[in-house]
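Here is the structure we will look at.
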Amino acid sequence: MQLSLFDIPVAKIELEELFQAYFECRKNKRNTANALAFEIDYENSLAQLCEEINNGTYEIGRSIAFIVDKPVKREIFAADFKDRVVHHLIIGKLNHLFEKQFIHDSYSCRVGKGTHFGIQRIDRFICQCSVNYTNDCYILKLDLQGFFMSINKNILFAKLEKFIKEKYQATDKDLIIKLCKQVIFNDPTKNCIIKGNKSDWDALPLNKSLFHSKPNCGLPIGNLTSQVFANFYMDSFDHFVKHDLKIRYYGRYVDDFVIAHEDKEYLRNLIPKLSEYLQSVLQTTIHPKKIYLQHYSKGVKFLGTVILPNRIYIADRTKGNFYNAIEKQNQIARDHKPTKEEQQTFQSIMNSYWGIMKHYKSYKLRKHMIFKNLSAWWWNYVYLSGGIYKFEMKRKIA
């Protein structure tokens with residue numbers, strides 16, 4: 001039976017799909033001015049966005065560029081809220097296909113994975129490799145230099161286009177490829193608002209800024225697509241390590257990866273093989289000053305922790321950031337009665353650090369920070385529930 005033109009499905013993005021992407025996007029962004037402006041008339045805004053995508057007139061808006069200092073100094077580009085909805089649409093369409101291809105031990109930006117999962121996996125690898133800390137085992141930890149700024153857009157898009165054509169079967173395949181191309185090749189430095197002072201960039205290394213990246217290189221830190229596409233970019237390296245080199249104890253979080261092996265010389269000889277693949281296939285470089293190769297008994301720093309036999313501690317940088325956060329909150333309480341927003345911010349900041357630290361050997365550290373460093377003024381507003389577990393407000397926030 002021959003199909004008529006009226007029977008052929010029209011490839012388009014459905015408005016319902018954009019609504020779903022919008023609700024995902026706004027979960028943690030509802031208090032931003034950009035999100036609030038969009039939300040005033042979000043139904044018409046989404047309908048207009050849907051029409052623009054389907055008729056080919058969608059254009060990426062302006063980003064806001066700024067510098068953050070914690071946990072390390074980074075350049076962030078915050079996309080327009082409309083564009084963040086598109087990012088969630090793309091990832092919502094492709095993520096289940098990525099998950100089928102990613103190895104088990106890539107941890108970044110994946111449901112059910114993340115930092116705690118990665119830390120526990122590396123700890124387990126060391127335990128298994130050393131036969132429960134009875135045999136020799138060595139740890140190789142490597143870091144990529146200026147990773148996000150070094151990602152080659154041409155390589156990324158070629159890999160992604162091929163992947164979508166082979167794996168994605170929906171009728172809107174060409175539209176998704178077009179949106180991915182727009183997002184990947186968009187240069188936010190050409191159309192951005194600088195938040196803060198230009199001097200904020202002074203202490204940032206040039207290889208960590210999009211303003212100084214090579215042509216057609218670099219993804220903006222801060223976008224959901226950048227995080228997931230970076231993982232996809234490194235996927236071939238993950239498979240090279242696990243399947244071509246047949247390395248059992250390997251885990252990666254973004255640009256930090258750890259390998260455990262019983263032979264130190266094997267790991268030493270592995271470095272040039274890894275470096276050659278990264279440079280020739282992905283045009284990325286191992287940071288020459290961040291090559292760590294030691295016996296497991298010396299411990300290894302990974303994702304804000306120090307992994308040692310039978311225990312995991314919080315790394316000094318994380319502790320230092322927490323001390324600084326406490327001091328900043330103390331200054332607020334000394335200066336004036338904290339406002340409703342300041343009280344909420346205090347609770348959020350403290351519990352976020354608490355959420356990290358409670359997973360590891362940190363009881364004495366938390367006790368010391370709270371009872372020695374936190375200003376007594378804050379105890380007028382908060383208390384700790386479940387022992388030293390979680391900050392709660394004493395009364396309704398005034």
Side-chain angles (χ1 to χ4, degrees), residues 21-22 24-29 32 34-35 60 63-68 70-119 143-153 155-157 159-160 163-164 176 179-189 192 207-210 213 217-238 251-257 282 284 302-304 352 356:
Y22 163 72
E24 283 296 315
C25 183
R26 78 174 191 176
K27 281 181 179 177
N28 298 315
K29 301 290 183 181
T32 64
N34 200 232
I60 295 175
S63 295
I64 298 175
F66 56 96
I67 297 293
V68 297
K70 308 297 181 187
V72 295
K73 200 173 189 72
R74 284 196 182 102
E75 173 188 83
I76 304 294
F77 281 85
D80 186 79
F81 188 81
K82 173 190 71 172
D83 299 323
R84 293 204 293 269
V85 172
V86 174
H87 298 167
H88 278 266
L89 174 73
I90 292 170
I91 300 307
K93 293 270 191 177
L94 299 178
N95 212 34
H96 69 288
L97 299 175
F98 289 148
E99 285 296 321
K100 291 179 181 179
Q101 177 156 312
F102 290 165
I103 68 168
H104 186 68
D105 284 291
S106 66
Y107 313 122
S108 173
C109 204
R110 297 179 66 186
V111 176
K113 300 285 178 83
T115 55
H116 300 312
F117 181 87
I119 292 163
D143 192 334
L144 300 181
Q145 194 166 28
F147 172 58
F148 274 93
M149 306 311 136
S150 71
I151 291 175
N152 185 294
K153 295 182 180 184
I155 295 174
L156 170 60
F157 180 69
K159 288 162 62 75
L160 188 58
F163 176 84
I164 295 173
I176 295 301
L179 287 175
C180 288
K181 187 173 184 179
Q182 279 185 275
V183 169
I184 289 172
F185 286 99
N186 175 59
D187 184 354
T189 66
C192 68
N207 67 358
K208 292 191 175 183
S209 172
L210 276 181
S213 61
C217 286
L219 296 182
I221 297 175
N223 290 349
L224 173 64
T225 45
S226 296
Q227 295 172 298
V228 179
F229 287 169
N231 221 12
F232 175 77
Y233 192 75
M234 291 295 294
D235 179 66
S236 63
F237 176 74
D238 294 336
R252 178 183 60 81
Y253 188 95
V254 192
D255 59 343
D256 287 344
F257 48 98
L282 299 177
T284 58
F302 189 58
L303 304 182
S352 66
I356 295 170

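Numbers for residues simply follow the sequence, beginning at 1.
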Checklist outcome for this item: Those residues at least two apart in sequence (or on a different chain) that pass side-chain contact (heavy atoms from CB on, under 4.5 Å) with Gln227 are Cys109, Leu224
Checklist entry - With sequence neighbours excluded, what pairs up with Asn152 under the side-chain contact (heavy atoms from CB on, under 4.5 Å) test? => result Asn154, Ile155, Cys217, Tyr233, Gln283
Next on the checklist: Nearest 0.5 angstrom please: Phe163 CZ to Leu97 CG, how far?
Outcome noted: 5.0 Å
Item to check | Phe257: ring pair (Phe, Tyr, Trp, His ring centres under 6.0 Å) partners, not counting sequence neighbours | outcome: Phe237
Next on the checklist: Between Phe147 and Ile151, does the side chain to side chain contact (heavy atoms under 4.5 Å, CB included) criterion hold? Intermediate values first, please.
Outcome noted: CA-CA 6 Å; Phe147 172 58; Ile151 291 175; 3.9 Å; yes
Checklist entry - So which pairs with a foot in residues 73-83 pass side-chain hydrogen bond (donor to acceptor under 3.5 Å, both in side chains), sequence neighbours left out? => result Asn34-Asp80, Tyr58-Asp83, Asp69-Lys73, Glu75-Trp201, Glu75-Ser209
Item to check | Rounded distance (nearest 0.5 Å) linking atom CG of Asp255 with atom CD of Gln145 | outcome: 11.0 Å
Item to check | All side-chain contact (heavy atoms from CB on, under 4.5 Å) counterparts of Ser108, not counting sequence neighbours | outcome: Tyr253, Val254
Next on the checklist: Quick check for you: to the nearest 0.5 Å, what is the distance between Ile184 atom CD1 and Phe229 atom CZ?
Outcome noted: 5.0 Å
Checklist entry - So which pairs with a foot in residues 219-234 pass salt bridge (Lys or Arg N to Asp or Glu O under 4.0 Å), sequence neighbours left out? => result none
Item to check | Minimum heavy-atom distance between Pro188 and Phe77, given as atom pair plus value | outcome: CB-CD2, 3.7 Å
Checklist outcome for this item: Contacts of Asn223 meeting side-chain contact (heavy atoms from CB on, under 4.5 Å) (sequence neighbours excluded), chain-then-number -> Ala79, His87, Pro220, Thr225, Ser226
Checklist entry - Do you know which two heavy atoms are closest between Leu144 and Met234, and how far apart they sit? => result CD1-CE, 3.7 Å
Next on the checklist: Rounded to the nearest 0.5 Å, what separates atom CD1 in Ile164 from atom CZ in Phe157?
Outcome noted: 7.5 Å
Item to check | Side-chain touch Leu94/Cys180, heavy atoms, less than 4.5 angstrom | outcome: yes
Next on the checklist: Suppose we screen for salt bridge (Lys or Arg N to Asp or Glu O under 4.0 Å). Which residues come up paired with Asp256, at least two apart in sequence or across chains?
Outcome noted: none
Checklist outcome for this item: Contacts of Asp187 meeting salt bridge (Lys or Arg N to Asp or Glu O under 4.0 Å) (sequence neighbours excluded), chain-then-number -> none
Checklist outcome for this item: Taken in chain and number order and not counting sequence neighbours, the residues that satisfy ring pair (Phe, Tyr, Trp, His ring centres under 6.0 Å) with Phe102 are Phe98
Item to check | Sequence neighbours excluded, every pair satisfying side-chain hydrogen bond (donor to acceptor under 3.5 Å, both in side chains) that has a member inside residues 93-104 | outcome: Glu17-Lys93, Lys93-Asp172, Glu99-Arg110, Gln101-Asp235
Checklist outcome for this item: Note: Arg84 and Cys25 closest approach over all heavy atoms is CB-SG, 3.5 Å
Checklist outcome for this item: Here the gap from Leu303 atom CG to Thr115 atom OG1, rounded to the nearest 0.5 Å, amounts to 6.5 Å
Item to check | Set of side chain to side chain donor-acceptor pair (under 3.5 Å) partners for Tyr107, sequence neighbours left out | outcome: Asp105
Checklist outcome for this item: CD1 (Ile90) and CG (Leu179) are apart, to the nearest 0.5 Å, by 5.0 Å
